[in-house]
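Report on the following structure.
For ligands, and for the atoms within them, numbers begin at 1 and follow the listed sequence. Here the structure is a predicted model, which means the values were calculated and not measured.
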Amino acid sequence: MKWSLEIHDSLESTQDLIKKMAAQGALEGNAVQALIQTQGRGRHGREWISGSGNLYLSFLLRPACMAFHIGQISSLTSLAVARALQSFLEEPDVLRLKWPNDLLLKGGKCAGILLESDLAANNTVEWVSVGIGINFENAPEIGVALKPHISLTSLSLDLDVLREALFSQFEECYKLWQDQGFAPLKEAWCALAHKKGETLSVKLGSDVIKGRFYDIDDRGALLLETAHGEIRTITAGDIYALGD
Ligand code: BTN
């Protein structure tokens with residue numbers, strides 16, 4: 001994968017610039033970083049507060065796959081970000097994943113991932129813009145978090161080093177996915193995420209569904225076992241409570 005990076009002092013959102021570049025025919029591997037974002041966004045249209053000191057990065061993919069594979073790319077991205085962060089942590093085990101693609105450090109959200117895409121008429125993927133926000137110096141109080149957001153200030157490294165580690169971990173995971181499919185990545189994702197049988201509460205609009213973590217499926221959807229032993233497939237939502 002050939003990376004081509006632009007760094008901007010300020011952008012509304014790195015996602016918007018990548019989407020514009022995609023529409024103009026830019027190649028896979030084009031990446032944009034902003035030192036601040038004035039209209040950073042998160043999943044479900046939420047705001048992603050983007051002051052200076054944190055990492056705001058988006059890059060373009062042009063995977064040869066169908067729309068339903070996008071969930072796999074989301075999972076493999078969170079795995080790659082987790083591995084990049086873990087490589088700088090003295091105790092890598094404190095970094096965990098939370099479905100669908102949040103990163104938790106000691107239970108507090110320290111990074112988030114947003115995928116936006118364009119599809120062709122036959123439901124194949126034209127492009128995907130992968131957006132990654134990492135709380136490095138600041139931990140804004142935003143989104144649905146188990147605990148307040150948390151930053152990674154204790155790590156003595158700079159954003160350039162973190163970004164390069166992220167590129168290299170992403171490249172490794174993406175290549176594995178292209179060569180061997182989702183299975184090995186799903187296994188690695190699950191090992192860093194929820195234990196089978198762990199109690200989860202998932203907020204779906206105004207509903208809350210409680211159950212036990214069963215697995216993720218081949219779309220990256222959450223499989224939750226309800227009290228009646230039924231397996232529910234959850235494609236969108238936020239886990240807002242872990243444990244009983
Ligand atoms: C989430 O809701 O957890 C996802 C947050 C994604 C934030 C990143 S920061 C870089 C990119 N540009 C954006 O506007 N959003 C993503």
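- Side-chain atoms of W48 and Q37 form no donor-acceptor pair, as typed in the model, at a separation below 3.5 Å.
- Both tests do not hold together for K195 against F213: distance to the six-membered ring centre under 6.0 Å, angle to the ring axis within 45°.
- Defined by atom type and a distance below 3.5 Å, a donor-acceptor pair is missing between the side-chain atoms of E116 and S129.
- At a 4.0 Å heavy-atom cut-off, ligand 1 touches I132 through the backbone alone.
- Nearest-heavy-atom check against atom 15 (N) of ligand 1 across R41, R43, Q15 picks out R41.
- Within the 4.5 Å cutoff, the side chain of H69 has no heavy atoms near those of the V125 side chain.
- With a heavy-atom cut-off of 4.0 Å, R46 does not touch ligand 1 at all.
- For ligand 1, the atoms sitting less than 4.0 Å from at least one non-hydrogen atom of G40 are 14 (O), numbered in the order shown with element in parentheses.
- The nearest heavy-atom contact from the protein to atom 3 (O) of ligand 1 is K109 NZ, 2.5 Å.
- In summary, the atoms of ligand 1 found under 4.0 Å from a heavy atom of I113, numbered by their order in the structure, are 3 (O), 4 (C).
- No side-chain donor from either of Q72 and R219 sits under 3.5 Å from a side-chain acceptor of the other.
- Note: the hydrophobic cluster containing L27 does not contain V128 (ILVMFWY, side chain heavy atoms under 4.5 Å, direct or indirect links).
- Close approach to G42 involves these atoms of ligand 1, each under 4.0 Å from a residue heavy atom: 1 (C), 2 (O), 4 (C), 5 (C).
- Annotation: D9, atom CG; neighbour count of heavy atoms from other residues, nucleotides and ligands within 6.0 Å does not exceed 12.
- Here the heavy atom of the protein found nearest to atom 5 (C) of ligand 1 is W48 CE3, 3.4 Å.
- The residue from P100, S78, S75 that alone fulfils the side chain to side chain contact (heavy atoms under 4.5 Å, CB included) condition with I113 is S78.
- Near L57, meaning under 4.0 Å from any of its heavy atoms, are these atoms of ligand 1: 10 (C).
- Below 3.5 Å of separation, one finds an N or O of T14 facing an N or O of ligand 1.
- Using a 4.0 Å cut-off to heavy atoms of S13, the atoms of ligand 1 that qualify are 12 (N), 13 (C), 14 (O).
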